[in-house]
Amino acid sequence: MEKHTDHVALIFAGGVGQRMKNKTKPKQFLELYGKPIIIYTLEVYEQHPEIDGIVIACVAGWQEYLEKLIRKYDITKVKAIVPGGATGQESIRNGVYKIHELYPEDSLVLVHDGVRPLIEMEDITGNIRCAEEKGNAVTVAPVVETVGTKGASENETSQIFERDKCLLLRAPQTFRLKEFYETHKKAEAAGRNDFIDSACLMKAYGFRLYTVMGGVENIKITTPMDFYIFRAIVDARENSQVFG
């Protein structure tokens with residue numbers, strides 16, 4: 001019988017959400033209909049049949065609060081909660097190092113934002129299939145507006161890209177544990193903590209990345225407007241279940 005490769009979700013929830021304009025809680029703990037955003041995210045991975053475990057990198061000072069939520073909502077796949085770092089990269093690195101302690105090096109690690117709760121089951125499955133075949137997977141979405149770069153002076157556009165050639169890089173982003181761990185070790189040794197996400201990190205260290213087209217609803221809850229969109233989509237999904 002062929003050995004099963006472990007699939008581990010690394011959920012990073014290390015940010016405080018400065019753009020959310022909320023003074024009391026980090027954005028991942030803000031609630032919609034009484035349920036925190038991060039629980040919406042965790043429930044998708046909890047319910048996915050191919051996810052074997054979850055490791056969470058949590059903002060400092062909120063680990064105990066998160067543990068209580070996990071018990072309350074019966075999230076059983078969480079194997080560890082590690083402290084978040086000063087940057088997203090540091091938070092992810094802390095999680096990767098913990099996963100390396102707990103799982104074999106041939107495991108797949110699916111990196112996902114705690115505040116990206118609208119992920120679909122098929123996006124997770126697509127990542128697993130792509131990474132099994134090609135070694136990694138990055139969830140993407142089409143760009144629907146024209147993208148340009150800032151110019152040398154204020155109110156100037158330097159370059160405009162063909163949107164058909166552009167992609168939005170989202171999550172999950174999935175990598176083999178051995179390669180992911182070793183790359184984080186190299187970046188740490190080099191003092192590099194400035195990579196905006198895992199795809200950027202792996203690309204900078206020479207990996208060819210493969211994409212999986214994901215659902216357009218898979219947004220990151222960063223601003224109040226994102227939260228209102230999240231609520232509207234949750235409402236629409238609930239209504240579709242009731243009314244068909």
Side-chain angles (χ1 to χ4, degrees), residues 1-14 38 40-58 70 74-82 84 88-114 116-141 167 169-188 195 197-215 218:
M1 183 176 178
E2 187 177 351
K3 179 183 176 294
H4 169 70
T5 300
D6 290 298
H7 306 140
V8 188
L10 169 50
I11 309 298
F12 66 100
I38 193 170
Y40 282 91
T41 304
L42 289 171
E43 284 180 340
V44 183
Y45 283 92
E46 174 75 18
Q47 293 163 13
H48 195 287
E50 294 190 69
I51 295 298
D52 299 292
I54 300 170
V55 170
I56 308 170
C58 180
I70 288 168
D74 197 28
I75 308 295
T76 64
K77 291 183 179 179
V78 175
K79 307 303 180 186
I81 299 173
V82 299
Q89 183 186 336
E90 286 187 28
S91 296
I92 293 169
R93 183 172 69 214
N94 292 347
V96 172
Y97 287 3
K98 174 56 69 172
I99 293 171
H100 192 262
E101 293 176 13
L102 300 175
Y103 289 92
E105 286 193 323
D106 66 345
S107 302
L108 293 180
V109 180
L110 292 85
V111 184
H112 196 91
D113 311 85
R116 202 180 285 275
L118 293 167
I119 181 68
E120 298 274 12
M121 290 282 192
E122 51 264 36
D123 295 336
I124 296 172
T125 303
N127 265 255
I128 291 171
R129 295 287 87 79
C130 180
E132 285 176 338
E133 179 183 351
K134 299 179 179 179
N136 62 66
V138 178
T139 308
V140 298
L167 294 168
L169 272 60
R170 291 181 165 176
Q173 299 179 356
T174 304
F175 307 96
R176 290 284 181 197
L177 175 56
K178 183 178 189 296
E179 297 171 344
F180 201 32
Y181 173 78
E182 290 175 350
T183 304
H184 271 283
K185 293 289 282 187
K186 290 177 183 177
E188 183 180 23
F195 292 106
D197 69 1
S198 298
C200 292
L201 167 69
M202 298 300 278
K203 188 72 172 176
Y205 280 87
F207 287 89
R208 185 175 182 181
L209 303 180
Y210 299 91
T211 61
V212 176
M213 189 60 69
N218 183 23

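Residue indices begin at 1 and follow the sequence shown.
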request  = Applying side chain to side chain contact (heavy atoms under 4.5 Å, CB included), run through Lys77 and Leu42 and close with a yes or a no.
outcome  = CA-CA 9 Å; Lys77 291 183 179 179; Leu42 289 171; over 6 Å; no
ask   = Does Ile128 offer a backbone N or O that forms a donor-acceptor pair with the side chain of Thr174 under 3.5 Å?
value = no
query = If you take all heavy atoms of Ala13 and Ile38, which pair is closest and at what distance?
reply = CB-CD1, 3.6 Å
key: Heavy-atom closest contact (Asp113 atom, Ala171 atom, distance)   = OD1-CB, 3.5 Å
ask   = Does Asn136 use its side chain to pair, donor to acceptor, with the backbone of Arg176 at less than 3.5 Å?
value = no
request  = Verify side chain to side chain contact (heavy atoms under 4.5 Å, CB included) between Arg116 and Asn218, making sure each step is shown before the conclusion.
outcome  = CA-CA 7 Å; Arg116 202 180 285 275; Asn218 183 23; 3.0 Å; yes
note = Scanning both residues in full, the closest heavy-atom pair of Pro117 with Thr41 reads CA-OG1, 3.2 Å
message = Tell me whether Arg129 is salt-bridged to Glu133, with the criterion being a basic N under 4.0 Å from an acidic carboxylate O.
response = no
query = So do Leu209 and Leu169 actually touch side chain to side chain, heavy atoms under 4.5 Å?
reply = no
ask   = Taking side chain as C-beta onward, heavy atoms only, is Leu167 less than 4.5 Å from Met213?
value = yes
ask   = Who pairs with Phe180 by ring pair (Phe, Tyr, Trp, His ring centres under 6.0 Å), at least two apart in sequence or on another chain?
value = Phe175, His184
note = Separation between OG1 (Thr139) and CG (Leu110), nearest 0.5 Å, reads 8.0 Å
request  = Working to the nearest 0.5 Å, report the span between CD1 of Ile70 and CD1 of Ile81.
outcome  = 3.5 Å
remark   = Here the gap from Ile99 atom CD1 to Asn94 atom CG, rounded to the nearest 0.5 Å, amounts to 11.0 Å
note = Checking Val8, Val109, Asp106, Leu102 against Leu177 for side-chain contact (heavy atoms from CB on, under 4.5 Å), the one that qualifies is Val109
inquiry  = Tell me the closest heavy-atom pair linking Ile92 and Leu10, and the distance in Å.
reply    = O-CD2, 3.5 Å
ask   = Do Met202 and Thr183 pass the side chain to side chain contact (heavy atoms under 4.5 Å, CB included) test, and can you show the C-alpha distance, the side-chain angles, and the key distance before you say yes or no?
value = CA-CA 7 Å; Met202 298 300 278; Thr183 304; 3.7 Å; yes
ask   = Under 3.5 Å, is there a donor-acceptor pair between the side chain of Glu46 and the main chain of Thr76?
value = yes
Closest approach of His112 to Pro172 (non-hydrogen atoms, all atoms of both residues) = ND1-N, 3.5 Å
message = My understanding is that only residues two or more places apart in sequence, or in another chain, count here; which of them pass ring pair (Phe, Tyr, Trp, His ring centres under 6.0 Å) with Tyr181?
response = Tyr97, His100
key: Pair Glu182-Lys186, salt bridge (charged side-chain N to carboxylate O under 4.0 Å, His left out): steps then yes or no   = CA-CA 6 Å; Glu182 290 175 350; Lys186 290 177 183 177; 5.8 Å; no
request  = Could you please spell out the steps behind the side chain to side chain contact (heavy atoms under 4.5 Å, CB included) verdict for Arg170 and Val140?
outcome  = CA-CA 5 Å; Arg170 291 181 165 176; Val140 298; over 6 Å; no
query = At their closest point, which heavy atom of Asn127 faces which heavy atom of Val138, and how far apart are they?
reply = OD1-N, 4.4 Å
task = Identify, with sequence neighbours excluded, every residue that meets salt bridge (Lys or Arg N to Asp or Glu O under 4.0 Å) alongside Glu105.
result = none
ask   = Do Lys98 and Glu101 sit within salt-bridge range, that is, some charged N less than 4.0 Å from a carboxylate O?
value = yes
Non-hydrogen side-chain atoms of Met121 and Gln47 separated by less than 4.5 Å = yes
